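The structure under discussion appears below in the form of structure tokens.
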Amino acid sequence: MAKVAFLGLGVMGYPMAGHLKNKGGHDVTVYNRTQAKSEQWAKEFGGRAAATPKEAASGQDLVMMCVGNDNDVRQVTLGAGGAFDGMKKGAVFVDHTTASAEVARELYAEAKKRGFDFVDAPVSGGQAGAQNGVLTVMCGGDSGPYGKAEPVIAAYARMCKLIGGSGAGQLTKMVNQICIAGLVEGLAEALHFAKKAGLDVESVIQTISKGAAQSWQMENRYKTMNEGKFDFGFAVDWMRKDLSICLAEARRNGANLPVAALVDQFYAEVQKMGGSRWDTSSLIARLDR
Ligand code: NAP
């Protein structure tokens, strides 16, 4: 059993923190900006709710966080009442936010200066993955602190791996999002074409999902894409945030991402259609309109 804090009880963080308590059996303190949520969590899971990130982080072996973007990450760690002011020496800070590799490296260096460790550890698997405790966690940092974090992360992960030094977790998440962008657009065009061709989409998918075109997106999203239902899942706004991180990194490392850049613009159109909170599979909506 470890002494753990979890900062940021959103769609992802709330169930993740719950698994730390119920599955991991850890001593868990939570912090959330909107305090009603942390109080609700404490009531539901029986942990403690702290008023600030600093208070939550104080005296913990491990501090996990899952907030929105780079600015939020900086605010919760380094802002007034920030978690870094509460970290004890030798502790490990694990950031599950999808953020830039730059902010990961910046916080890794800051943590080292203050005598504790920082691991960037973005996740994939979505809301369902968080609720079922089967997330994929991609990590960057040093092997010693990673080794301390991994058995605790196991409470909500099916796959957790140290990919490389600081920032490597965020870079791996970028690879993940680049894969998804092109794949979802391909699937959207294929389903759009099947309908225009007058084919029975159910029969088409039953057949081709057993072959080389199969994908997680196909298995899990073709039905709702075909029905034009997008009111769930991973929001377009979040995907655009992630793609902007990918495109900024590509400008630095010289990678060519023509399809990811184009799909980002398609998502901008979906936002204009009112789809900011729609699932990423809503790319088909701009083809079908
Ligand atoms: P969410 O439901 O919007 O929750 C965000 C959480 O961060 C909330 O607890 C929010 O507090 C807190 N927060 C945001 N900015 C803050 C700030 N400046 N100071 C303090 N707290 C702040 O988001 P989510 O869906 O859980 O996603 C969180 C992260 O995981 C994002 O980086 C996202 O890209 C990534 N992710 C999400 C999914 C998914 O399917 N949702 C999948 C993989 C990765 P309040 O309650 O006060 O607003």
Side-chain angles (χ1 to χ4, degrees), residues 5-19 30-42 49-57 63-86 94-101 103-104 107 120-139 153 156-160 169-170 172-181 184 216-217 220-221 230-246 267 276-282:
F6 203 106
L7 319 175
L9 303 174
V11 165
M12 301 297 284
Y14 194 99
M16 288 164 82
H19 289 306
V30 294
Y31 161 79
N32 196 66
R33 177 178 56 185
T34 308
Q35 214 166 338
K37 245 193 260 176
S38 45
E39 279 157 14
Q40 187 193 326
W41 186 97
T52 64
K54 180 182 171 182
E55 186 190 318
V63 179
M64 332 306 243
M65 174 174 78
C66 190
V67 293
N69 58 29
D70 279 22
N71 287 341
D72 303 324
V73 165
R74 285 198 180 91
Q75 195 176 340
V76 176
T77 53
L78 303 174
F84 275 23
D85 285 340
V94 178
D95 184 17
H96 291 303
T97 311
T98 303
S100 68
V103 78
L107 293 179
D120 50 297
V123 302
S124 94
Q127 183 173 5
Q131 283 167 346
N132 299 324
V134 293
L135 292 169
T136 294
V137 187
M138 27 213 137
C139 301
I153 291 172
Y156 44 75
R158 178 164 59 190
M159 173 71 194
C160 181
Q170 295 297 353
T172 304
K173 175 74 182 185
M174 293 173 213
V175 175
N176 188 77
Q177 299 308 71
I178 294 163
C179 287
I180 289 175
V184 175
W216 184 97
Q217 298 288 342
N220 292 281
R221 293 289 185 261
F230 311 113
D231 199 11
F232 60 91
F234 186 61
V236 166
D237 278 353
W238 279 141
M239 187 59 167
R240 286 213 75 205
K241 184 245 321 174
D242 293 359
L243 287 173
S244 83
I245 292 171
C246 298
Y267 278 125
S276 294
R277 299 299 299 177
W278 292 350
D279 181 65
T280 43
S281 57
S282 57

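Since we're looking at a predicted model, the values are computed, not measured. Ligands are counted one by one from 1 in listed order, and the atoms in each one are counted from 1 as well. Counting begins at 1 with the first residue of the sequence.
The ring of H96 has its center closer than 6.0 angstrom to the ring center of Y156.
Minimum interatomic distance between L7 and A83 (heavy atoms only, all atoms of both residues): CD1-CB, 3.7 Å. The two residues S276 and A235 have their closest heavy-atom pair at O-CB, 3.7 Å.
Applying the ring pair (Phe, Tyr, Trp, His ring centres under 6.0 Å) rule to Y267 yields no partners; only residues at least two apart in sequence or on another chain are considered. Every side chain to side chain contact (heavy atoms under 4.5 Å, CB included) that Q177 has, sequence neighbours left out, goes to K173, I180, F234, M239, D242, C246. Partners of R74 by salt bridge (charged side-chain N to carboxylate O under 4.0 Å, His left out), not counting sequence neighbours, listed by chain and number: E106.
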In a simple table, one pair per line, please give the protein and ligand 1 atom names for every N or O pair closer than 3.5 Å, along with the distance.
{"residue": "ligand 1", "atom": "2 (O)", "partner": "V11", "partner atom": "N", "Å": "2.9"}
{"residue": "ligand 1", "atom": "9 (O)", "partner": "L9", "partner atom": "N", "Å": "3.1"}
{"residue": "ligand 1", "atom": "9 (O)", "partner": "G10", "partner atom": "N", "Å": "3.3"}
{"residue": "ligand 1", "atom": "9 (O)", "partner": "N32", "partner atom": "OD1", "Å": "2.6"}
{"residue": "ligand 1", "atom": "15 (N)", "partner": "D72", "partner atom": "OD1", "Å": "3.2"}
{"residue": "ligand 1", "atom": "15 (N)", "partner": "D72", "partner atom": "OD2", "Å": "3.3"}
{"residue": "ligand 1", "atom": "18 (N)", "partner": "D72", "partner atom": "OD1", "Å": "3.0"}
{"residue": "ligand 1", "atom": "18 (N)", "partner": "Q75", "partner atom": "OE1", "Å": "3.1"}
{"residue": "ligand 1", "atom": "26 (O)", "partner": "V11", "partner atom": "N", "Å": "3.2"}
{"residue": "ligand 1", "atom": "26 (O)", "partner": "M12", "partner atom": "N", "Å": "2.9"}
{"residue": "ligand 1", "atom": "32 (O)", "partner": "V67", "partner atom": "O", "Å": "3.1"}
{"residue": "ligand 1", "atom": "32 (O)", "partner": "G68", "partner atom": "O", "Å": "2.8"}
{"residue": "ligand 1", "atom": "32 (O)", "partner": "T98", "partner atom": "N", "Å": "3.1"}
{"residue": "ligand 1", "atom": "32 (O)", "partner": "K241", "partner atom": "NZ", "Å": "3.0"}
{"residue": "ligand 1", "atom": "34 (O)", "partner": "K241", "partner atom": "NZ", "Å": "2.8"}
{"residue": "ligand 1", "atom": "46 (O)", "partner": "N32", "partner atom": "ND2", "Å": "2.9"}
{"residue": "ligand 1", "atom": "46 (O)", "partner": "K37", "partner atom": "NZ", "Å": "2.7"}
{"residue": "ligand 1", "atom": "47 (O)", "partner": "R33", "partner atom": "NE", "Å": "3.1"}
{"residue": "ligand 1", "atom": "47 (O)", "partner": "T34", "partner atom": "N", "Å": "2.9"}
{"residue": "ligand 1", "atom": "47 (O)", "partner": "T34", "partner atom": "OG1", "Å": "2.5"}
{"residue": "ligand 1", "atom": "48 (O)", "partner": "R33", "partner atom": "NH2", "Å": "2.9"}

